2 protein chains.
Amino acid sequence: MTLDEAWRILQERQFKRTKNRETILEFFSDNDRYLTAMEVRNFMAADNPGISFDTIYRNLTTFSELGILEETELNGERHFRMQCDHGVHHHHFICTACGKTQNIAHCPMESVSVNLKGYEVEGHKFEIYGKCPVCVAQ
Amino acid sequence: MTLDEAWRILQERQFKRTKNRETILEFFSDNDRYLTAMEVRNFMAADNPGISFDTIYRNLTTFSELGILEETELNGERHFRMQCDHGVHHHHFICTACGKTQNIAHCPMESVSVNLKGYEVEGHKFEIYGKCPVCVAQ
DNA sequence: GTGTAAATAGTAACGATTACGATTACTAGT
DNA sequence: ACTAGTAATCGTAATCGTTACTATTTACAC
């Protein structure tokens with residue numbers, strides 16, 4: 001997901017172009033990994049010390065709902081990253097040290113033929129956790 | 001995991017047999033599904049209104065570390081259930097309505113040969129969410 | 001029974017997230 | 001460019017789940 005694509009989506013849905021949204025999207029665009037609301041806040045506080053958590057969470061949630069960001073939960077904390085692969089279904093290896101991800105093409109749902117008759121599947125989660133090569137070396 | 005097995009593990013590690021622990025383990029033994037700390041509290045409050053969250057979380061964490069309970073995180077909330085399959089590696093379908101689970105024998109890690117060279121894998125999570133047959137019918 | 005360490009109650013603190021009323025800023029229409 | 005109307009924001013407080021603390025009680029070995 002590029003900045004231009006993100007803004008196009010926002011414009012289509014009549015969201016306004018604000019300084020805060022520009023800052024947030026730039027931050028995600030420049031950091032290709034999972035980030036927390038606190039990391040976003042710290043970045044934004046540089047030129048806007050009074051930034052409100054309300055603003056941050058509201059926008060992160062909006063972006064996530066629009067498919068601009070993708071979201072996961074690590075250690076009870078929401079993490080966000082720029083949507084990758086243009087929405088094509090995929091899974092992630094996630095580095096527990098730096099938040100960087102590596103795409104996993106294989107989706108286990110294809111292999112789950114098992115006894116789920118009568119069950120109504122709503123979603124699934126497959127994530128691998130560990131250290132990326134850069135963090136292993138440190 | 002039966003109550004007897006749980007108590008054997010606790011005794012081996014010199015944990016004391018207290019009324020609170022008995023109540024907690026009975027509750028999990030009688031409810032074959034994922035439960036929250038709040039559900040445990042509500043159950044215990046029946047005959048012990050002054051039960052402390054400290055006590056509940058401390059014991060749930062202990063039981064989880066000893067492999068008596070297994071644990072997952074749903075919607076930012078810790079959920080616990082009695083260890084099933086005697087610790088053999090498996091995954092779960094989890095009913096988002098009642099917390100009941102269905103074992104999934106297939107582990108996707110076996111199929112992930114892909115580009116994870118140089119990566120240090122620490123763990124993984126594979127869960128399927130939806131409604132179980134009982135909850136579908138309602 | 002008694003001593004000792006573990007376990008608990010009661011309550012306060014904590015971090016992440018959400019909610020709120022008052023104010024400000026964006027944008028469409030003139 | 002000006003203005004109106006609505007969206008977005010600020011500042012702050014409330015909420016939720018969880019953890020931490022100290023004084024007291026309890027389980028269990030002797």
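For the numbers below, each heavy atom of this structure counts, side chains included, while hydrogens, waters and symmetry mates do not. Please read these numbers as outputs of a predicted model, since none were measured by experiment. In what follows, chains carry the letters A, B, and so on, assigned in the order in which the sequence lines appear, proteins first and then strands, with residues in each chain numbered from 1.
- Applying the 4.0 Å criterion to OP1 and OP2 of D/dG17, one finds that B/T36 has every side-chain N and O outside that range.
- The span of DNA chain C lying next to chain A, judged by atoms under 4.0 Å from heavy atoms, is bounded 5' to 3' by C/dA16 to C/dT27.
- Looking at B/D32 and B/R81, a side-chain N of the basic residue comes within less than 4.0 Å of a carboxylate O on the acidic one, giving a salt bridge.
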Worked verdict on A/H92 versus A/N103 for side chain to side chain donor-acceptor pair (under 3.5 Å):
CA-CA 5 Å; A/H92 278 143; A/N103 278 18; 3.1 Å; yes

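- No contact: A/N75 has no heavy atom under 4.0 Å from any strand.
- The local environment of CD in B/E122 is crowded, with over 12 non-hydrogen atoms from other residues, nucleotides or ligands closer than 6.0 Å.
- Between A/K19 and B/N20, the residue whose closest nucleotide on DNA chain C is further toward the 5' end is B/N20.
- Here A/L60 contributes atom CG and A/I68 contributes atom CD1; the two are 11.0 Å apart, rounded to the nearest 0.5 Å.
- Residues B/F63 and B/L10 meet the side-chain proximity criterion, which asks for heavy atoms closer than 4.5 Å.
- The structure places NE2 of B/H91 at 3.5 Å from NE2 of B/H89, a figure rounded to the nearest 0.5 Å.
- Ion pairing of A/R33 with A/E39 is present here, as a side-chain N (NZ or NE/NH1/NH2) and a carboxylate O approach within less than 4.0 Å.
- Protein atom CD of A/E22 is 11 Å distant from nucleotide atom P of D/dT9, rounded to whole Å.
- Comparing D/dA27, D/dT9, D/dC10 by their closest approach to the side chain of B/K16 singles out D/dA27.
- Of the residues in residues 52-67 of chain B, B/S52, B/D54, B/T55, B/R58, B/N59 come within less than 4.0 Å of DNA chain C through at least one heavy atom, sorted by number.
- A close approach under 4.0 Å does not occur between any side-chain nitrogen or oxygen of B/R78 and OP1 or OP2 of D/dC16.
- Spacing between atom CD of B/E39 and atom P of D/dC16 amounts to 16 Å, rounded to whole angstrom units.
- Taking atom CD1 on A/I51 and atom P on D/dT12, their separation rounds to 14 Å, with Å as the unit.
- A/V40 and A/I51 fall within a single hydrophobic cluster, where Ile, Leu, Val, Met, Phe, Trp and Tyr are joined by side-chain heavy atoms under 4.5 Å apart, directly or via other members.
- Atom CG in B/N42 sits roughly 14 Å away from atom P in D/dC16 (whole-Å rounding).
- B/R78 and B/T61 form a side-chain donor-acceptor contact under 3.5 Å, judged by distance and modelled atom types alone.
- Comparing D/dT18, D/dT9, D/dA27 by their nearest atom to the side chain of A/T18 picks out D/dT9.
- Rounded to a whole Å, the CG atom of B/L35 is 15 Å from the P atom of D/dG17.
- Between A/R17 atom CZ and D/dT9 atom C1' there is a gap of 18 Å when expressed in whole angstrom units.
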